[in-house]
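Contents: one structure, followed by commentary.
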Amino acid sequence: MREKTMRAVIQKSFGGPEVLEVAEVDKPELLSGEVLVRVHASAVNPVDLAVRSGAFPLLGLPPFSLGWDISGVVEATGPGARYEIGDEVYGMPFFPRAASGYAEYVAAPSRQLARKPKSLDHIEAAALPLAVLTAWQGLVDKAGVGEGDRVLIHRAAGGVGHLAVQLAKARGAYVIALASAGKHDFVRGLGADEVIDYQSVDFTEVVHDVDIVFDSVADGLRSLRVLKPGGVLVTILEHMNPELEATVKAGGFRFAGVSVEPDYAALEAVAELVDAGELRPTVAETFPLADVAKAHELVASGATVGKVVLTVD
């Protein structure tokens, strides 16, 4: 007989990392089409910090539990679910609603999860979903990136950016990456064709005739200067900015705002790229669930390359 409770990170108020605590809570119950995942790892994303602090009250008022990125093993299935007990899966269920991924177990619709890439462990797989789906839905679904496209990627060493670089390269694009000088070797290792230090160089003076800009820093207006006529501005922070959208369209460009959502088909395509050796997440550091506050502090520092992941075992 399974235990009816589990360990999970909860918060009872908005605030700094100190409001996060590990508590004993009820294990989720399954609905039709859902699976119960025994979580092995859960990634920490910048949106988690904004929700925790109250700067982005996505989940309403506390108490609630954070976390969306998960990788683990199916322990139980509801009627009609597309997996079997023992299957290894990964995903970003429910976003932007609560998934409560910082926990030992998560119940999620089976079609919001995909089989974990065979060549990754759970820690690496947990680093992928939210970041890689953001990149995929912007570059592939909306911008249609393909062979020969010139793509400029902001914050190319970040959680989303380092995957966007690899995804664009896998689809045949010429990638121009913006990153601080200390991260240039890392970004070149991802396959970037050019790397520019945005801290010492104004990219709008040295970059021209770009087909797609992938903007993860809310620098949309300046980014228009480097786009060729008909080019696409993909923005993940200003996706609900009607003034920017109007300016983009008035200038003869395409506007592609991205608000990431669960997508098992894209995650399956990503898993194929991973197992083919064309894409791999970088994990900066891992923390046990009990040290979730330290993980949030590290992400807030902005000093990491790649992703920070919680280990739940």
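Note: hydrogens, waters and symmetry copies are ignored here, and every other heavy atom, side chains too, is used.
Taking 4.5 Å as the limit, some side-chain heavy atom of Leu58 sits within range of a side-chain heavy atom of Phe95. Annotation: side chain of Glu24 is not in contact with side chain of Met6 (no heavy-atom distance under 4.5 Å). Taking the side chain as every heavy atom from C-beta outward, Thr247 and Phe255 never approach each other to under 4.5 Å. In this structure, the side chains of Leu49 and His296 come closer than 4.5 Å at one or more pairs of heavy atoms. Between Val19 and Phe14, the closest side-chain pair of non-hydrogen atoms is not below 4.5 Å. Contact check for Phe253 versus Leu233: no side-chain heavy atoms found under the 4.5 Å cut-off. Taking 4.5 Å as the limit, some side-chain heavy atom of His184 sits within range of a side-chain heavy atom of Arg188. When side chains are defined from C-beta on, Arg52 counts as touching Pro17, because their heavy atoms get closer than 4.5 Å.
Tyr105 pairs with exactly one of Arg7, Glu3, Arg38 by the side chain to side chain contact (heavy atoms under 4.5 Å, CB included) rule, that one being Arg38. Across Gln112, Met92, Arg82, a single residue satisfies side chain to side chain contact (heavy atoms under 4.5 Å, CB included) together with Tyr264, and that is Arg82. Here the rule is side chain to side chain contact (heavy atoms under 4.5 Å, CB included) with His154, and of Ile236, Val234, Val217 only Val217 fits it. Considering Lys307, Arg280, Lys118 in turn, Arg280 is the only one that fulfils the salt bridge (charged side-chain N to carboxylate O under 4.0 Å, His left out) rule with Glu124.
Leu163 CG to Gln166 CD: the interatomic distance, rounded to the nearest 0.5 Å, is 6.0 Å. Once rounded to the nearest 0.5 Å, the distance linking CD1 of Ile70 with CG of Leu130 reads 12.5 Å. Expressed to the nearest 0.5 Å, how far CD of Glu238 lies from CG of Leu221 amounts to 7.0 Å. Annotation: the span from Ile212 atom CD1 to Ile176 atom CD1 amounts to 11.5 Å, rounded to 0.5 Å. Rounding to the nearest 0.5 Å places CG of Leu128 at 10.5 Å from CG of Leu273. Atom CG in Leu61 sits 11.0 Å away from atom OG in Ser13 (nearest 0.5 Å).
Nearest heavy atom pair, residue Ser119 against residue Val274, reads OG-CG1, 3.5 Å. When every heavy atom of Val165 is checked against every heavy atom of Ala156, the shortest pair comes out as CG2-CB, 3.9 Å. Between Pro129 and Asp69, the shortest heavy-atom distance links the atoms CB-OD1, 3.2 Å. Taking both residues in full, the closest heavy atoms of Gly161 and Ile153 are given as O-CG2, 4.1 Å, listed atom of the first, atom of the second, then distance. Closest non-hydrogen pair, Pro109 versus Phe94, comes out as CD-CZ, 3.3 Å. Leu113 and Pro93 make their closest contact through CD2-CD, 4.2 Å (heavy atoms, listed as atom of the first residue, atom of the second, distance).
Without hydrogens or angle criteria, Asp291 side chain to Pro288 main chain gives no donor-acceptor distance under 3.5 Å. In terms of modelled atom types and a separation under 3.5 Å, the side chain of Thr204 and the main chain of Arg225 share no donor-acceptor contact. Side-chain N or O atoms of His162 include one that pairs as donor or acceptor with a backbone N or O of Gly158 at under 3.5 Å. The backbone N or O of Ala265 sits less than 3.5 Å from a side-chain atom of Asp263, completing a donor-acceptor pair. In terms of modelled atom types and a separation under 3.5 Å, the side chain of Asp275 and the main chain of Glu272 share no donor-acceptor contact. Of the possible donor and acceptor atoms, one in the side chain of Lys116 sits under 3.5 Å from a partner among the backbone N and O of Leu120. The backbone N or O of Val47 lies less than 3.5 Å from no partner atom in the side chain of Asn45, so there is not a single donor-acceptor pair. Distance alone, capped at 3.5 Å, places no donor-acceptor pair between the Ser53 side chain and the Gly16 backbone.
Put simply, Tyr90 and Leu133 are part of the same group of oily side chains (I, L, V, M, F, W, Y) that touch within less than 4.5 Å, one to the next. Hydrophobic cluster membership is shared by Val160 and Val140, with clusters built from Ile, Leu, Val, Met, Phe, Trp and Tyr side chains linked at under 4.5 angstrom. No path of Ile, Leu, Val, Met, Phe, Trp and Tyr side chains, each step under 4.5 Å between heavy atoms, connects Val145 with Leu178, placing them in separate hydrophobic clusters. Residues Val210 and Phe203 share a hydrophobic cluster, clusters being chains of Ile/Leu/Val/Met/Phe/Trp/Tyr side chains in contact below 4.5 Å. Both Trp68 and Leu289 are assigned to one and the same hydrophobic cluster, defined by single-linkage of ILVMFWY side chains at heavy-atom distances under 4.5 Å.
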Q: Apply the test side chain to side chain donor-acceptor pair (under 3.5 Å) to residues Ser223 and Asp215: give CA-CA distance (whole Å), side-chain angles for both, the deciding distance (0.1 Å), then the verdict.
A: CA-CA 8 Å; Ser223 295; Asp215 178 23; 4.8 Å; no

**Q.** Step-by-step side chain to side chain contact (heavy atoms under 4.5 Å, CB included) determination, Val206 to Val226
**A.** CA-CA 9 Å; Val206 295; Val226 307; over 6 Å; no

Q: Mind running side chain to side chain contact (heavy atoms under 4.5 Å, CB included) on Val25 and Ile10 for me, showing each step along the way?
A: CA-CA 9 Å; Val25 303; Ile10 65 170; 4.1 Å; yes

Q | Residue pair Arg115, Glu268: steps toward the side chain to side chain contact (heavy atoms under 4.5 Å, CB included) verdict | A | CA-CA 7 Å; Arg115 295 185 187 278; Glu268 288 177 345; 5.9 Å; no

Q.
For Val232 and Asp211: C-alpha separation, side-chain torsions, deciding distance, then whether side chain to side chain contact (heavy atoms under 4.5 Å, CB included) applies.
A. CA-CA 6 Å; Val232 187; Asp211 296 284; over 6 Å; no

Q: Start with the C-alpha distance between Tyr102 and Asp48, add both sets of side-chain angles, then the distance that settles side chain to side chain donor-acceptor pair (under 3.5 Å), and finish with yes or no.
A: CA-CA 11 Å; Tyr102 297 178; Asp48 302 6; 2.5 Å; yes

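Atom NZ of Lys228 is surrounded by more than 12 heavy atoms from other residues, nucleotides or ligands within 6.0 Å. Within 6.0 Å of the CD atom in Glu29, the count of heavy atoms belonging to other residues, nucleotides or ligands does not exceed 12. A 6.0 Å sphere centred on CD of Glu18 holds more than 12 heavy atoms belonging to other residues, nucleotides or ligands. The local environment of NZ in Lys142 is crowded, with over 12 non-hydrogen atoms from other residues, nucleotides or ligands closer than 6.0 Å.
Arg222 and Asp202 are joined by a salt bridge, as a carboxylate oxygen and a charged side-chain nitrogen come within less than 4.0 angstrom of each other. Ionic pairing of Lys169 and Asp193 is present here: one or more N-O contacts between side-chain nitrogen and carboxylate oxygen are shorter than 4.0 angstrom. In summary, Lys4 and Asp26 do not engage in a salt bridge, as defined by a charged side-chain N under 4.0 Å from a carboxylate O. The existence of a salt bridge linking Arg171 and Glu147 is excluded, since no basic side-chain nitrogen approaches an acidic carboxylate oxygen closer than 4.0 Å. Salt-bridge check for Asp209 with Arg150: failed, with every basic side-chain N at 4.0 Å or more from each acidic carboxylate O.
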